[in-house]
Peer 1: 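Dropping a structure here in structure tokens format, bear with me for questions.
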Amino acid sequence: MTIISKSEFAARRGWAKSYVSKLASQDRLVLTENGKIDLEATEALLDKTSDPSKAAVADRHQQDRIQRDVYSQLSPLTESTSTAAPPQLIPVDGKHPDYQKSRALREHNMAKLAEIELGKAQGSLVSREAVETGAYDAGRLLRDQLFGPLPQLSYDLAAMTDPWQIEKHLTATIRRTLEEAERLSSADLDHALTVN
């Protein structure tokens, strides 16, 4: 048997204190002699006496509370692009989640989200998809750049007989090709990071 105050019960359920007082006036709370709430008995009584036709309204209010408490603290860009709030937690085996643990976890996750948003704003974090796309494009570009001059290079090398001239020509061609690939891949990576 867990005994809590009316204000603790209101905070636990995410309700206003006035609503808890209204439930008390409707005899929908199980109170002890000193006016405190017997948590388990009250929750069982509320489940038994709740109007099933109001379930959609209760769900909507719960989603509004989640939206207000969690998603409103994200950046405006993230808030406008978020799809829907996560589904409401369903008690397992009749046990409700521990409020303090849930709140600590929420605060921890909110701090992590704030850290991620700060990293994005500072430019130290970028989208994983942009990096993967940029790396793939850079690798493909390098491959194409290295294989591109081979037909012309084969004609040039066929006419040469001096090993030193062949090495010098190969080195110059490969260096030129790699420098060009570096310039192009840097520009592509910058473009990919600014677009995403």
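In this chain, residues are counted from 1 in sequence order.
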Peer 1: Hydrophobic cluster membership, with links at side-chain heavy-atom distances under 4.5 Å among I/L/V/M/F/W/Y: are Y136 and L142 in one?
Peer 2: no

Peer 1: Could you check whether any side-chain N or O of T42 sits under 3.5 Å from a backbone N or O of V30, counting only pairs where one atom can act as donor and the other as acceptor?
Peer 2: yes

Peer 1: Under the rule for salt bridge (Lys or Arg N to Asp or Glu O under 4.0 Å), what residues qualify as partners of R175, not counting sequence neighbours?
Peer 2: none

Peer 1: Does the E180 side chain pair with the main chain of Q145, one donor and one acceptor, at a distance under 3.5 Å?
Peer 2: no

Peer 1: Examine L31 and L46 and state if one hydrophobic cluster contains both, with Ile, Leu, Val, Met, Phe, Trp and Tyr joined whenever side-chain heavy atoms are less than 4.5 Å apart.
Peer 2: yes

Peer 1: Hey, which of L23, V20, T32 is the one that makes side-chain contact (heavy atoms from CB on, under 4.5 Å) with I37?
Peer 2: V20

Peer 1: What I'd like to find out is whether the side chain of I4 reaches to under 4.5 Å of the side chain of D38, using heavy atoms alone.
Peer 2: no

Peer 1: With a 4.5 Å cut-off on side-chain heavy atoms, are R13 and E43 touching?
Peer 2: yes

Peer 1: Please confirm whether the backbone N or O of E129 pairs with a side-chain atom of E132, one donor and one acceptor, at under 3.5 Å?
Peer 2: no

Peer 1: Quick one: closest heavy-atom pair of T173 and T177, and the distance?
Peer 2: O-OG1, 2.7 Å

Peer 1: Can you get from M110 to I116 by hopping between Ile, Leu, Val, Met, Phe, Trp and Tyr side chains that sit under 4.5 Å apart?
Peer 2: no

Peer 1: Tell me the closest heavy-atom pair linking K6 and A24, and the distance in Å.
Peer 2: NZ-CB, 4.1 Å

Peer 1: Say whether L157 and F147 are linked into one hydrophobic cluster, either directly or through other cluster members, by side-chain heavy-atom distances under 4.5 angstrom.
Peer 2: yes

Peer 1: Flag yes if I166 and L150 sit in one hydrophobic cluster, no otherwise; membership is Ile, Leu, Val, Met, Phe, Trp, Tyr, and two members link when side-chain heavy atoms are under 4.5 Å apart.
Peer 2: yes

Peer 1: Between P151 and S154, what is the shortest heavy-atom contact and its length?
Peer 2: O-OG, 2.7 Å

